Amino acid sequence: RIVYGTSLAMYMAVADRLTERAPEIRVLALGDSLAMTEFQPDVFASDHGLPAQAVFNASYLAQNFRSSENLVRQVGVERMPELQRVLIFVNPRRLTPAGNVDGTVLSVAIPEQSGILRQMRDEKNVSPLLDRSRLYGLSRYLVSASWRQVGRPPSWDQVEYLMPQGGVVFDATRPAAEQPGYLYEPLGMVSEELVGDLKRVVNLFRSRNVSVVLTTNALYPGVREFANAEAAAYFATRMERLAGETGSEWLPAGGGQPADSDFLDYGHLNRAGGTAFTHRLRDRLASLPPLR
C-alpha cells in the first residue's frame with residue numbers, strides 16, 4: 001500500500017531528524033499531511049525572529065494522534081529542554097474512525113513505545129523486534145513499487161521533499177480547470193475515544209508546562225468536511241472544551257486563505273500557499289505570550 005510505505009518512511013525520517021534537533025527546538029508542529037504541506041517551519045522561524053533550527057514540523061502522511069503520541073514518546077519530551085510551544089493541527093477527520101483506517105496498517109511497523117513484549121503477545125505480531133534498517137528499506141521499496149503501479153516517475157517520493165526542519169515543500173501548481181472537492185465521505189460526530197488519543201498528546205506537553213495550541217488547517221474555499229452544521233459545531237465545541245480541560249489554547253485558523261491556485265487539492269498547499277498560511281498563523285498567535 002502506498003500509504004504504508006510512504007508513511008513508514010516518513011515516520012522514520014521525521015523521528016531521526018526530530019531526535020537530532022531536539023535540544024534546539026522551541027516550537028514543534030504536529031499533524032497529518034495537510035499540516036505537512038501547510039506549516040512552513042523556516043517561514044515561522046523567520047516571522048518570530050527565531051533560528052531556523054528552533055522550529056520543527058513533525059507532521060507526516062496519515063499521522064493520527066496515536067502515532068503522534070508514539071513519536072513524541074520515542075523521541076522524549078525531556079530531550080527538548082528549550083521547547084516552549086506545540087502547535088497541533090487538528091484535522092477533524094483524524095477524530096473519526098474512517099480517518100484512522102490506516103492506523104492498524106501502520107502499527108505493524110510502528111509499535112507502541114511501552115510494553116513491547118506485552119504488545120507482541122496481545123497483538124500477536126513480532127514487529128517490535130524487527131530491525132529498523134530493514135523496515136526502512138522495506139518501506140522505500142513499497143513506495144517505489146506503488147508509484148510504478150500507478151504510473152508515477154520512479155524518483156517521485158514525498159520523503160525526498162522533507163525539509164531539514166520537517167514538513168515538505170512543493171512548487172507544483174494545480175491545473176486551473178480543476179476545482180477541488182472533499183475526497184472523503186462527509187464527517188459526522190467526532191469519536192470520544194479518538195479525542196482521548198489527542199488529549200494524551202496534549203497532556204504529554206502540558207505536564208512539562210509547555211504551552212499547546214490546537215488549531216485547524218486551511219481548506220479550499222467552498223469545501224465542506226462535515227455532513228451537517230451540527231457535526232461541525234460539535235467539533236468546535238469539543239475542541240474548546242478539550243483546551244479548557246488541558247490548559248491549552250483553541251485557536252481555529254481563520255481570516256485570509258491562501259490563493260486558490262496555491263491549493264494542490266482540497267487542503268494540501270504548494271510552497272507559496274504554505275508561506276501564506278504560515279504568515280496567517282503568525283497573526284492568529286499574536287494574542288499569545290511572545291516566544292523567547
Side-chain angles (χ1 to χ4, degrees), residues 7 14 27-41 44 56-72 85-103 166-167 182-206 210-220 223-227 229-255 257-258 266-269 274 277-278 280-282 284-285 287-288:
S7 295
V14 168
V27 178
L28 176 67
L30 295 170
D32 61 9
S33 61
L34 298 183
M36 182 179 74
T37 64
E38 292 177 357
F39 180 74
Q40 304 294 304
F44 189 89
F56 194 93
N57 184 358
S59 309
Y60 62 85
L61 182 70
Q63 185 180 26
N64 56 33
F65 295 112
R66 285 196 68 183
S67 61
S68 294
E69 180 188 11
N70 195 48
L71 175 66
V72 172
R85 183 171 295 161
V86 176
L87 308 173
I88 301 181
F89 293 88
V90 186
N91 178 351
R93 186 168 181 269
R94 300 298 171 194
L95 297 177
T96 65
N100 287 271
V101 292
D102 294 310
Y182 195 58
L183 301 177
Y184 311 102
E185 289 295 318
L187 304 178
M189 295 295 183
V190 299
S191 157
E192 277 302 312
E193 179 183 355
L194 296 171
V195 171
D197 290 345
L198 171 57
K199 187 173 184 177
R200 285 198 308 276
V201 177
V202 175
N203 284 334
L204 278 172
F205 297 105
R206 294 298 300 132
V210 175
S211 75
V212 175
V213 176
L214 304 172
T215 189
T216 50
N217 302 100
L219 288 178
Y220 186 78
V223 166
R224 295 290 179 265
E225 302 169 283
F226 292 97
E230 181 185 6
Y234 181 78
F235 166 70
T237 301
R238 187 64 186 93
M239 290 302 99
E240 188 171 357
R241 181 153 55 94
L242 176 63
E245 293 166 354
T246 56
S248 53
E249 300 282 345
W250 165 239
L251 291 177
Q257 289 279 96
Y266 77 97
H268 299 90
L269 298 173
F277 177 82
T278 306
R280 181 185 69 182
L281 186 63
R282 170 199 59 201
R284 293 288 296 162
L285 300 177
S287 60
L288 299 180

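No experiment lies behind these values; they were computed from the predicted model shown.
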Working for side chain to side chain contact (heavy atoms under 4.5 Å, CB included), residues L95 and M239: CA-CA 11 Å; L95 297 177; M239 290 302 99; 3.7 Å; yes
Under 3.5 Å donor-acceptor, [X] side chain and [Y] backbone:
{"X": "R284", "Y": "P252", "value": "yes"}
{"X": "Q257", "Y": "L219", "value": "yes"}
{"X": "T278", "Y": "Q40", "value": "yes"}
{"X": "N203", "Y": "R206", "value": "no"}
{"X": "N217", "Y": "F89", "value": "no"}

Decide side chain to side chain contact (heavy atoms under 4.5 Å, CB included) for L30 and F65; before the verdict, give the C-alpha distance in whole Å, the side-chain angles of both, and the deciding distance to 0.1 Å. CA-CA 9 Å; L30 295 170; F65 295 112; over 6 Å; no
Modelled atom types, side-chain donor and acceptor of S67 and N64, under 3.5 Å: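 A pair is found: one side chain offers a donor N or O, the other an acceptor, under 3.5 Å apart.
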Side chains of R94 and Q63: donor-acceptor distance under 3.5 Å anywhere? no
Tell me, please, which residues at least two apart from F226 pass ring pair (Phe, Tyr, Trp, His ring centres under 6.0 Å). F235
Contacts of F44 that satisfy ring pair (Phe, Tyr, Trp, His ring centres under 6.0 Å) - sequence neighbours left out: F39, H48
Does E245 CD have over 12 foreign heavy atoms under 6.0 Å away?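 For E245, atom CD is crowded (more than 12 foreign heavy atoms under 6.0 Å).
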Mark yes when over 12 heavy atoms from residues, nucleotides or ligands other than R224 sit less than 6.0 Å from its CZ; otherwise mark no.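 12 or below, so no.
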Heavy-atom pair with the smallest gap, counting every atom of [X] and [Y]:
{"X": "E38", "Y": "F277", "value": "O-CD2, 3.5 Å"}
{"X": "L269", "Y": "P258", "value": "CD1-CG, 4.0 Å"}
{"X": "L61", "Y": "S33", "value": "CD1-CB, 3.7 Å"}
{"X": "L187", "Y": "A231", "value": "O-CB, 3.9 Å"}

Verdict with reasoning, L34 to H268, per side chain to side chain contact (heavy atoms under 4.5 Å, CB included): CA-CA 5 Å; L34 298 183; H268 299 90; 3.5 Å; yes
What is the distance from atom [atom1] of [X] to atom [atom2] of [Y], rounded to the nearest 0.5 Å?
{"X": "S191", "Y": "N100", "atom1": "OG", "atom2": "CG", "answer": "8.0 Å"}
{"X": "K199", "Y": "E69", "atom1": "NZ", "atom2": "CD", "answer": "13.5 Å"}
{"X": "D32", "Y": "T37", "atom1": "CG", "atom2": "OG1", "answer": "9.0 Å"}
{"X": "D197", "Y": "R66", "atom1": "CG", "atom2": "CZ", "answer": "6.0 Å"}

Is any side-chain heavy atom of L242 closer than 4.5 Å to one of L198? yes
Is there a side-chain contact between V14 and S59 (heavy atoms, below 4.5 Å)?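 No; the side chains remain at least 4.5 Å from each other.
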Just grab all the salt bridge (Lys or Arg N to Asp or Glu O under 4.0 Å) pairs involving residues 186-195, residues at least two apart or on different chains.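 Qualifying pairs: E192-R238.
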Test side chain to side chain contact (heavy atoms under 4.5 Å, CB included) on L288 and L251 and set out the steps. CA-CA 10 Å; L288 299 180; L251 291 177; 4.1 Å; yes
Matching residue for L87 among L285, L214, L28, N57 - test: side chain to side chain contact (heavy atoms under 4.5 Å, CB included): L285
